[in-house]
Amino acid sequence: MSEQQKPILILKDFNKTFGKGCAHCDGKPENRRQGYCPKCRTVYACQDISLSLYQGEIVGIVGESGSGKSTLMQALYFDSEATSGEYFLEAYHSGEENLFLSSSQQQKWVRNMLLGMVYQNPMMGLKMNFSAQSNIAEKMIAAGNRQVHSMVERGDTLLEQVHIPLIRRKDSPSHFSGGMQQRVQIAKALANEPPILLLDEVTTGLDLSVQADVLELIQKIQRERKNSILLVSHDLSVVRMLADRTIVMLNGRIIEEGLTDQVLEDPQHPYTQQLVYSLL
Amino acid sequence: MHERHFAFLDESSKKEIRRAVLKAVAIPGYQVPFASRELPIARGWGTGGLQITLSLVGKDDIIKVIDQGSDESVNAVSLRNLIQETTDVASTIHTTEATLIQTRHRVPEQPLKEGQILILQVPLPEPLRNVEPSEYKTKKLHAEADYSGAWLKLFEDIMCYGQAATGADHPVFVNDRYVMAPTPIPRFDNPKLDHNPALMLFGAGREKKIYAVPPYTKVVSLAFDDYPFQRERFVGKKCRLTGLENVYLDELIDEATGEVYYQTNDSSYLLEFLNRDEGAGTV
Ligand SMILES: [Zn+2]
């Protein structure tokens, strides 16, 4: 990607706190301990996060649980409200409207048309007792499609692309293996061909061989469609395999970022060094 | 012992329920919360409809109570008795004579007319409940007119059964704004809600909700473009007693012969038809 190009996603000074804050911690990051105020117990889950994503780029966000990376993803997909910050998508009003301030209907439109999400826990992303076809159709219905045949056709195509046998298209994800459930989530995320995919720990908890299959699938889909992807994982090897750029988060803050190779070869922050050495 | 009030409920309770009814009429299809009262019948046995009836009934009203099409079922009789014991109003089985009709699971076959009020008992008022368990969220979805969930349920039915499988309670779109549960009336009755000259009120006692379809309101049954809405069809079947075909039929089994036969479900309509025939025969 060229540096002159405009990012398709920009996040500026994003903050997410759980709790009201107090005189001790409000505006005084030095008094917080690992993103937590010992006085009023406010959790500063994400602090001053700024990042951008370019067309066709995969950015990996790595960090341990509690680092704020999943909170970040939930805010980007409007699952939870941002405490403060600005969020722009080039495909929405030419990136001139802060989506955190948009109406709930507008946020839903963005969610349905411009974003695709895959959660670590398939129960978050799927209706476990509805057929695989219906789960995929949900996004198309939300986008206003009222033609059963066209949705079924599209669902079939997507199921094939994520390697789920069509004979199982009417089965519900509750009858699927973990790897298959993630593939249904991926098919659903792609239903309206969004330019951006958000992947939150998509292979965590799967068997190693299944993990490899799912990661390969993501790679293949991204090469064919040139989606931009934000990928969150606690597993540096996942990020190493997929991401062009890597962001490292610790206690709600970005502590290091750069081209993935660079971060891996020459980690600067002690925490990143520890991550990289454990990978060797 | 309860103090004796006209129509059982005290005046302030009735006033409050009427206020909820007025709000419901003003916002067709919108579920208005109300403080459901205790009645001397078990909840879930029509207390929502009964509270509306008791709040609206006046001395000159003529009531009709039906349960699944029948004026004489145990339920219909006990509800009618309760209303009459506390009001002394007249009752009828004839749809055309009634001013207030309380019903469960059916809209009468006899077309309603201006000035009549049909009161339906509602077990489950929320059409989005089977896709969204949280009341807070369904309220938000209605506010935003986000009905993807209702459409998704229809889509899933088509996936699983090849057609809309809502035997009853097929969701309707009211006044181009709210999706509403028409209560478990058969799909056969859904078209009767559209531009009906009568006022239709829906009361859910356990769920504490009242909603309304005012006279001549547009009511459309949800359906995908390529899967049009269909009523239950009784092709080649007719009522054994009347020969009627364009009515909702019950499927029954002749205990003597084991043979399946069909009979008009709306008992008063059936009776009226038979009497009309008799009358014609004696002339
Ligand atoms: Zn504090």
Side-chain angles (χ1 to χ4, degrees), chain A residues 78-81 102-113 117 123-156 158-159 164 166-176 184 187-188 191-192, chain B residues 30 124 126-166 169-174 176-181 187 190 218-230:
Chain A
F78 307 109
D79 278 338
S80 76
E81 244 176 83
S102 299
S103 73
S104 157
Q105 275 114 320
Q106 285 171 308
Q107 291 180 349
K108 270 184 189 174
W109 186 88
V110 168
R111 217 174 119 105
N112 284 320
M113 303 307 290
M117 177 75 148
M123 283 171 74
M124 298 272 294
L126 299 175
K127 291 203 159 47
M128 298 304 274
N129 295 315
F130 280 64
S131 67
Q133 269 283 6
S134 293
N135 271 289
I136 298 168
E138 188 176 8
K139 276 237 165 191
M140 295 183 259
I141 288 170
N145 193 326
R146 297 292 177 263
Q147 308 268 345
V148 173
H149 288 114
S150 76
M151 287 190 278
V152 169
E153 216 169 281
R154 173 100 183 106
D156 284 352
L158 287 164
L159 285 170
I164 289 182
L166 285 188
I167 194 165
R168 305 215 53 190
R169 65 186 187 163
K170 290 182 183 177
D171 293 354
S172 61
S174 59
H175 294 111
F176 288 174
V184 176
K188 177 180 177 179
N192 294 324
Chain B
Y30 173 75
L124 300 168
E126 180 48 67
L128 299 172
R129 185 63 69 231
N130 48 26
V131 280
E132 178 49 67
S134 147
E135 169 75 10
Y136 171 78
K137 284 189 184 159
T138 51
K139 273 185 97 159
K140 206 160 169 248
L141 292 172
H142 282 293
E144 292 170 0
D146 180 349
Y147 292 119
S148 299
W151 288 99
L152 180 65
K153 182 71 179 65
L154 283 188
F155 184 91
E156 174 73 354
D157 286 346
I158 293 169
M159 283 303 100
C160 297
Y161 310 106
Q163 57 178 319
T166 48
D169 216 7
H170 184 102
V172 292
F173 202 35
V174 178
D176 295 323
R177 178 56 185 85
Y178 288 98
V179 166
M180 185 189 95
R187 293 198 309 278
N190 273 26
K218 182 178 172 190
V219 178
V220 181
S221 298
L222 257 55
F224 287 102
D225 298 346
D226 48 355
Y227 275 78
F229 172 80
Q230 280 187 328

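Treat the numbers as computed from the prediction; the structure is a model and nothing was measured. Order of the sequence lines sets the chain letters (A, B, ...), proteins ahead of strands, with each chain counted from 1.
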Asks: Report yes if some heavy atom in the side chain of S148(B) is under 4.5 Å from a heavy atom in the side chain of E138(A); otherwise report no.
Replies: no
Asks: Shorter than 4.5 Å, heavy atoms on both sides: which option in D225(B), D226(B), V131(B), D146(B) has the most such pairs with chain A?
Replies: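 Highest number of heavy-atom pairs under 4.5 Å: D226(B).
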Asks: Rounded to the nearest 0.5 Å, what's the gap from CE on M159(B) to CG on D171(A)? Could you check?
Replies: 13.0 Å
Asks: Between H149(A), K170(A), K127(A), which shows the greatest number of heavy-atom pairs under 4.5 Å with chain B?
Replies: H149(A)
Asks: State whether the number of non-hydrogen atoms from other residues, nucleotides or ligands found under 6.0 Å of E135(B) atom CD is greater than 12.
Replies: yes
Asks: Count the heavy atoms of every other residue, nucleotide or ligand shown that sit under 6.0 Å from NZ of K218(B), and state whether that count exceeds 12.
Replies: no
Asks: How about CD on Q105(A), more than 12 heavy atoms from neighbouring residues, nucleotides or ligands closer than 6.0 Å, or not?
Replies: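 Counting neighbours around CD of Q105(A), more than 12 heavy atoms of other residues, nucleotides or ligands fall under 6.0 Å, so yes.
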Asks: Which heavy atom of F224(B) sits nearest to which heavy atom of N145(A), and what is that distance?
Replies: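 Closest heavy-atom pair between F224(B) and N145(A): CE2-O, 4.3 Å.
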Asks: Heavy-atom count around M123(A) CE within 6.0 Å, excluding the residue itself: above 12?
Replies: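 No, the 6.0 Å shell around CE holds no more than 12 heavy atoms from other groups.
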Asks: To the nearest 0.5 angstrom, please state how far the CE atom of M140(A) sits from the CZ atom of F155(B).
Replies: 6.5 Å
Asks: Tell me the closest heavy-atom pair linking L152(B) and I141(A), and the distance in Å.
Replies: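 For L152(B) and I141(A), the tightest heavy-atom pair comes out as CA-CD1, 3.8 Å.
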